[in-house]
Amino acid sequence: MSHSHDRYAKPQGPPDGTPVVIVRGLTVTAQDGRLLLRDAALTLRPGRLTALTGPSGAGKTTLLRAVTGLLPPGTHRTAGQIDVLGQDVLALPERDLRTMRGRHLAYVGQDPGSGLNPRMRVRSLVRELAVDKSSDIVGALLAEVRLPDDGRLAARRPGALSGGQQRRVALARALARRPKILLLDEPTAGLHPGLRDEVAELLGHLAREHRLAVAFSCHDPEVVERFADDVVVLDAPVPRPRTRVTGGVPAPCGEADGPPVLEVRDLHVEFGDAPVLTGVGLRVAPGSVEGIVGVSGSGKTTLARAVVGLQRAASGAVHLSGTQVRTGPRGRTREQRRQVQLVTQNPLGALNPSRTIGAAVGRPLRLHRRCAARHVSERVADLLEQVGLPPAFADRYPHELSGGQRQRAAVARALAADPEVLICDEITSALDPDTGAAIMDLLAGLRERRGMTVVLISHDLRLVADRTDTVTVLDAGRVVESGPTAEVFAAPEHAATRALLGMPTAVRRS
């Protein structure tokens, strides 16, 4: 199915051009006086795609959620108005607000995996909210979001999906309700360029053809420029702290001496009877930066989880500094767990919502005895400053941070363990370009000073080209190409690599 009108009947509501959402002068303040939004304005019309952009912490997520009638806990509106379909959503009784959300509003958050019930299968997750109860609706909606079902995907649970697949399942659930207003927080983050453009084009199509008012936040200026009909730029309500990066620019990394710090041999991972990784191998030299690329669903995140011990493999081996370690969640020593750390794509699901940021960052310091107990608070403050967060953020909870701020907190927590290998799964996808560059500069400095090895999983091929020494390309769960990044990207041999790079299929390496 492809965008059929019988699936998405034009909503009965205001005539074309009449705003369905009007936000005027909205200011949102925390109990301690901090500004989350200042004098924000937004107008959404049926048939138009509106992009919200601005630096991390500018309040993009807060504004989107405010349109749904939800403000972050401990905050309140101090000025302004939010009219949705002619009603002030922050003044609606709870029953009327639930009705509006159920019938007219759909919101897809920045960490969609955290909103999917991990015990439900994809078919049930999509069918659960569908207005259309026909037998083929699940397959139709999955196809609508560029996620065609091969007969197996609908039977999977969220944990067996890649981050990009989880995003599209969440979008299918939102579309199943046939809303008038569709709000999405960073829907293109963490997607490879081809799929990123497909999703952005899909949002524009839904807006135009089905008369939806669509708003999405985005850090990618290319996506905003190419696909958005209207653009709203938010400025940070207070000056952002400067990221402190000590140490110089790392020297170019050549071939490292000695055995690899990380080696994966003939790794096989299955979800049920479906192979996800098949015979995957990987060798990462000490102190190097290894890039892992591939389309969504190619197995990148599954490989990362197997390396850090979160995903059991059916066969194969993982070696850290020459010592074989288990792939599953049990059987590794505390020191082996410390050696390799993972920063996930969705920090909201990785940070304990009941713990402050200071407690989250301080836990690995205590667990792995990286500093004396009396110095933990001081070390937490130092780590937060290193990733561009004020030390005062140690007293905040994850829900009190923006998506980009949570990602930086997750990086600080991983660094607290002082790992030999740091695996970063799309860590810049939710950050504005300046903050993303600052985080990568931080990792470069740590690599130089500590000899830390970095494995960078990313759909941002420019980032991989600029920041990695070697690259491994995954396609359908297999390694199809690997080698020095400059050589692989300049003259790729495999069709999957050429497709990622947007090159003609006839190119061959001489």
Side-chain angles (χ1 to χ4, degrees), residues 111-113 147 153 156 158-169 188-196 199 262-264 266-271 274-284 288-313 316 318 327 340-347 349-350 407 410 414 421-430 453-465 467-483 485 488-489 492 494 496-497 499-501:
D111 299 329
L147 198 60
L153 189 140
R156 293 184 184 177
L161 302 176
S162 71
Q165 290 169 332
Q166 289 178 351
R167 287 180 185 276
R168 283 173 282 164
V169 169
T188 62
L191 302 179
H192 65 85
L195 181 58
R196 175 203 66 186
V199 169
L262 169 63
E263 184 174 13
V264 177
D266 196 27
L267 197 68
H268 293 256
V269 175
E270 298 176 351
F271 292 155
V276 181
L277 295 177
T278 304
V280 169
L282 181 70
R283 287 173 61 90
V284 184
S288 68
V289 182
E290 167 79 18
I292 299 179
V293 300
V295 299
S296 296
S298 60
K300 302 182 300 296
T301 296
T302 300
L303 174 58
R305 288 174 57 82
V307 168
V308 300
L310 295 175
Q311 175 63 55
R312 188 179 304 280
V318 174
T327 57
V340 57
Q341 295 289 311
L342 171 67
V343 183
T344 65
Q345 183 175 345
N346 297 323
Q407 189 62 281
V421 180
L422 182 66
I423 300 179
C424 303
D425 190 358
E426 296 287 358
I427 65 168
T428 62
S429 65
T453 301
V454 176
V455 177
L456 181 65
I457 299 172
S458 181
H459 288 300
D460 187 339
L461 299 183
R462 285 176 295 185
L463 178 70
V464 173
R467 299 285 189 163
T468 67
D469 306 305
T470 54
V471 66
T472 296
V473 184
L474 291 179
D475 183 58
R478 298 176 183 271
V479 174
V480 296
E481 194 159 4
S482 64
T485 304
V488 171
F489 279 13
H494 196 275
T497 313
L500 278 176
L501 296 169

**Item:** Flag side-chain contact, heavy atom, 4.5 Å: Gln341 against Ile423
**Value:** no
**Asked** Between Thr468 (side chain) and Ala465 (backbone), is there a donor-acceptor pair under 3.5 Å?
**Response** no
**Prompt:** In Å and rounded to the nearest 0.5 Å, what is the OG1 to CD distance from Thr472 to Glu290?
**Reply:** 4.0 Å
**Message:** Do Val284 and Val421 make a side-chain contact, defined as non-hydrogen atoms from C-beta onward lying under 4.5 Å apart?
**Reply:** no
**Prompt:** So how far is it from Arg196 CZ to Ser296 OG, rounded to the nearest 0.5 Å?
**Reply:** 12.0 Å
**Asked** Is there a side-chain contact between Leu147 and Val169 (heavy atoms, below 4.5 Å)?
**Response** yes
**Asked** Thr327 and Gln311: side-chain donor and acceptor closer than 3.5 Å?
**Response** no
**Where Ala306 and Val318 come nearest, the two heavy atoms and their spacing** = O-CG2, 4.3 Å
**Request:** Apply side chain to side chain contact (heavy atoms under 4.5 Å, CB included) to the pair Ile427 and Ile457, showing each step before the final yes or no.
**Result:** CA-CA 8 Å; Ile427 65 168; Ile457 299 172; over 6 Å; no
**Message:** What's the separation between atom OG in Ser482 and atom CG in Leu282, rounded to the nearest 0.5 Å?
**Reply:** 8.5 Å
**Message:** Which heavy atom of Val293 sits nearest to which heavy atom of Ser458, and what is that distance?
**Reply:** CG1-O, 3.6 Å
**Prompt:** Closest heavy-atom contact between Phe489 and Leu501?
**Reply:** O-CD1, 3.6 Å
**Prompt:** Which pair of non-hydrogen atoms, one from Val479 and one from Gly281, has the smallest distance, and what is that distance?
**Reply:** CG2-O, 3.6 Å
**Asked** Taking atom CD1 of Ile292 and atom CG of Asp425, what is their separation to the nearest 0.5 Å?
**Response** 9.0 Å
**Inter-residue atom distance Thr278.OG1 - His268.NE2, 0.5 Å rounding** = 6.5 Å
**Asked** When rounded to the nearest 0.5 angstrom, what is the spacing between CZ in Arg167 and OG1 in Thr188?
**Response** 8.0 Å
**Message:** Quick check: do Leu262 and Thr453 have side-chain heavy atoms less than 4.5 Å from each other?
**Reply:** no
**Asked** Under 4.5 Å between any side-chain heavy atoms of Leu500 and Leu461, yes or no?
**Response** yes
**Asked** Are the side chains of Leu463 and Leu456 in touch, meaning some heavy atoms are under 4.5 Å apart?
**Response** yes
**Item:** Any donor-acceptor N or O pair under 3.5 Å, side chains Asp469, Ser288
**Value:** no
**Asked** Sub-3.5 Å donor-acceptor pair from the side chain of Gln166 to the main-chain atoms of Pro158, do we have one?
**Response** yes
**Request:** Return yes if some donor-acceptor pair links the side-chain N/O of Lys300 with the main-chain N/O of Gly294 below 3.5 Å, else return no.
**Result:** yes
**Prompt:** Does Val340 reach the side chain of Val307, with side-chain heavy atoms less than 4.5 Å apart?
**Reply:** yes
**Asked** Within the side chain of Glu426, is there an N or O that forms a donor-acceptor pair under 3.5 Å with the backbone of His459?
**Response** yes
**Item:** Heavy-atom side-chain contact between Glu481 and Asp475 under 4.5 Å
**Value:** no
**Item:** Heavy-atom pair of closest approach, residues Leu161 and Gln165
**Value:** CA-OE1, 3.4 Å
**Message:** Can you give me the closest heavy-atom contact between Phe271 and Ala160, atom names plus distance?
**Reply:** CD1-CB, 3.2 Å
